[in-house]
Amino acid sequence: MADELLEALGQRQRETDAAKPPIPLGDFEGEAGDALLDDMFGELDDKARQKPAPSESPPPTEASPDNVTALPKRSPAVWAGAGIVIAAAAALVLWLAMPSSIDPLPAYGPVSIAGGPAAVRGDHEGIPEVLKLEDPSDNIEWRFAPATSVEGDLEVVLSARRADGERVFATVPNATVTPTGSVQLRGPLNSFIELDEGHWTVQVIIARAGHAPGSAEDAMREDWPRFPIEVIIDAS
Amino acid sequence: MSDLDDVELVSRALAGDGAARRELGRRLMRAVAREASFAVARLAAAEGRDPRQEVKDLVHDVLLGLFDNDGQQLRRWDPTRGRSLESFVQLIARRRIPRMLSGGRGNPWADAPIDPADIDTADDADLAKRLEQRNQLDQVLAAMHAKMNDRDHDLFDLIFVQEISPDAVAEQMDMTRGAVNAWSYRMRKLARAAALGAAAGTGGASTQAAASGGARHG
């Protein structure tokens with residue numbers, strides 16, 4: 001049966017959920033637990049006190065002419081599956097909105113947005129905004145580069161909305177991240193996000209690890225930097 | 001305590017009510033400690049560390065993350081999505097603890113490059129049997145939890161833990177049956193990648209494509 005591995009993992013999860021914790025939890029009860037909370041809340045309050053007052057140059061949270069940076073030109077990328085070659089370029093989109101304690105990412109821009117047998121060129125120079133796929137398993141190659149080199153772990157999520165309002169959200173653990181922080185999604189679209197037929201707007205969101213939106217609702221609510229790609233899946 | 005009471009408790013705690021904050025901290029501490037206990041038990045023996053101290057450190061760090069940034073993580077809890085407060089926090093801990101145990105590298109079992117072709121051709125039944133024999137299912141589960149988002153967790157819980165039929169889950173989650181199938185396909189590949197790594201003795205959970213990424217640098 002195709003899902004025997006997942007079924008075995010589900011059974012193991014049931015066993016774990018029903019089991020007693022292997023390491024006793026006595027350290028979290030009574031005075032010991034209170035001491036741990038005192039320590040944690042004390043650290044939290046210290047951190048809050050150390051935050052700069054609102055008048056002291058708060059970090060930018062929205063795109064503005066001052067914090068939008070142009071990407072350097074990059075070499076053309078060849079998309080073997082679809083035969084699409086897209087030269088790099090793109091004005092940068094948004095400053096990354098991050099909590100003030102997080103080192104903000106530089107702006108990201110698209111280098112290559114390709115997929116399926118045909119791509120329709122959009123407004124951006126050399127970057128199609130609309131991809132037409134015949135099947136959710138068609139290959140895509142989406143590449144994004146930061147304006148400056150990025151250190152540290154990254155997380156990529158996709159938040160998609162179909163024309164009829166259906167929403168799908170997916171983290172992308174199989175995105176490739178280069179040592180300089182460029183991000184590439186290459187392979188079947190449905191290995192990254194499950195979309196049915198229809199006209200979708202897929203928002204690509206790149207964030208520091210642990211600080212990406214965790215759901216479609218979060219992705220909508222928060223002022224996350226994003227790059228929208230129109231994806232039409234139509235087998236006819 | 002009802003979900004409505006818990007909504008009120010979270011709201012008061014994050015609005016600065018000290019008593020509510022402490023009560024909430026006590027509630028969540030136990031849920032987080034339970035997750036940390038299982039995670040540390042898998043690793044501590046091999047690394048020769050004091051497991052009780054390790055659990056305490058993890059609980060401290062996870063709780064700090066929950067309350068930090070004006071409780072941004074806790075504010076995501078929505079009881080109408082079917083999870084209790086404790087269950088919601090357990091899932092956050094389940095995702096975050098593997099990252100912490102690996103020193104922020106993503107998760108402790110994510111380093112082995114696996115050929116994508118092996119993932120496509122792997123025999124699930126054989127993998128499951130090998131993992132059971134080696135007591136490595138926990139290792140694969142931890143690697144997967146670190147990679148799954150909230151929706152993945154919900155679907156995995158409903159379909160494979162609670163064993164609710166995919167048709168009923170599709171209706172409950174307001175998804176098409178095709179979308180549930182596509183999700184299962186993606187999870188199958190994720191599980192196979194983690195299982196192949198574990199079965200090979202490396203515990204890897206990333207594909208070759210993801211070896212330089214998997215949403216982390218490489």
Side-chain angles (χ1 to χ4, degrees), chain A residues 1-10 12-14 16-17 21-23 25 27-28 33 36-37 39-41 43-44 47 99 101 136 151-157 166 168-179 181 183-184 186-187 190-191 194-196 209-210 214-218, chain B residues 21-22 25-26 29-30 33-34 37-38 40-41 51-52 55-56 59-60 63-64 67-69 72 76 96 99 104 106 124-125 127-128 131-132 137-138 140-141 147 149-151 160-161 163 176 178-179 182-192 195 207 209-210 212-217:
Chain A
M1 191 173 176
D3 284 333
E4 278 177 294
L5 177 57
L6 286 168
E7 286 166 2
L9 291 167
R12 181 61 190 151
Q13 187 66 64
R14 283 195 298 278
T16 302
D17 289 345
I23 299 168
L25 304 185
D27 288 334
F28 305 98
L36 194 143
L37 285 179
D39 187 33
M40 189 274 293
F41 284 133
E43 190 174 330
L44 194 71
K47 198 173 169 185
S101 59
E151 292 185 354
D153 294 339
L154 299 176
E155 201 166 326
V156 181
V157 303
E166 181 172 343
V168 176
F169 179 85
T171 55
V172 187
N174 48 342
T176 299
V177 182
T178 71
V183 171
Q184 176 177 267
R186 188 172 189 275
N190 64 1
S191 68
E194 310 101 38
L195 303 180
D196 293 327
S215 66
E217 289 75 19
D218 285 338
Chain B
R21 187 173 78 160
R22 179 161 286 269
R26 283 199 191 101
M29 184 164 58
R30 194 163 181 85
R34 185 180 160 81
S37 171
F38 283 104
V40 168
R52 287 179 55 182
V55 171
K56 285 168 77 171
V59 170
H60 173 275
L63 285 177
L64 196 61
F67 283 94
D68 202 4
N69 292 316
Q72 187 183 33
R76 289 179 175 175
R96 195 168 292 174
R99 292 176 184 274
D124 281 4
L127 271 175
L131 293 169
E132 281 165 1
L137 285 170
D138 288 334
V140 176
L141 267 176
K147 299 282 188 187
N149 62 37
D150 293 350
R151 185 164 161 277
F160 295 108
V161 181
E163 296 184 302
T176 64
W183 174 85
S184 294
Y185 172 79
R186 186 165 63 85
M187 277 305 108
R188 204 176 299 144
K189 292 188 81 165
L190 183 61
R192 283 179 186 171
T207 66
S212 60
R216 54 176 290 260
H217 291 304

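In what follows, every chain begins at residue 1, and chains take the letters A, B, ... in the order their sequences are listed. From a predicted model like this one, the values you see are computed outputs, not experimental measurements.
Here B:Ala179 pairs with A:Asp196, B:Met175, B:Thr176 under the side-chain contact (heavy atoms from CB on, under 4.5 Å) rule; sequence neighbours left out. With sequence neighbours excluded, the residues forming a side-chain contact (heavy atoms from CB on, under 4.5 Å) with B:Arg34 are A:Pro21, A:Leu25, B:Phe38, B:Gln90, listed by chain and number.
Interface residue A:Glu166: only side-chain heavy atoms are found under 4.5 Å from chain B. The parts of A:Asn190 that come within reach of chain B are both its backbone and its side chain, each placing non-hydrogen atoms under 4.5 angstrom from that chain.
Closest non-hydrogen pair, A:Leu6 versus B:Ser184, comes out as CD1-O, 4.1 Å. For B:Arg22 against A:Phe41, the heavy-atom pair with the smallest separation is CA-CE1, 4.1 Å. Between B:Leu64 and A:Met40 the shortest heavy-atom distance is CD1-O, 3.7 Å. Nearest heavy-atom pair across A:Arg14 and B:Phe160 is NH1-O, 3.1 Å. The two atoms that bring B:Val59 and A:Leu36 nearest to each other are CG1-CD2, 4.1 Å, heavy atoms only. Listed here is the closest heavy atom pair of A:Leu44 and B:Arg21: CD2-NH1, 3.8 Å.
With respect to chain B, the highest number of heavy-atom pairs below 4.5 Å among A:Gly10, A:Pro136, A:Ser191, A:Ala170 belongs to A:Gly10.
Note that NZ of B:Lys189 and CG of A:Leu5 are 14.0 Å apart. Values are rounded to the nearest 0.5 Å. The line from NZ of A:Lys47 to CG of B:Asp68 is 3.5 Å long, rounded to the nearest 0.5 Å.
Proximity of B:Val40 to A:Ile23: side-chain heavy atoms (C-beta onward) are separated by under 4.5 Å at one or more points.
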Task: side-chain contact (heavy atoms from CB on, under 4.5 Å) evaluation trace for B:Lys56 with A:Phe28 - done: CA-CA 8 Å; B:Lys56 285 168 77 171; A:Phe28 305 98; 3.9 Å; yes

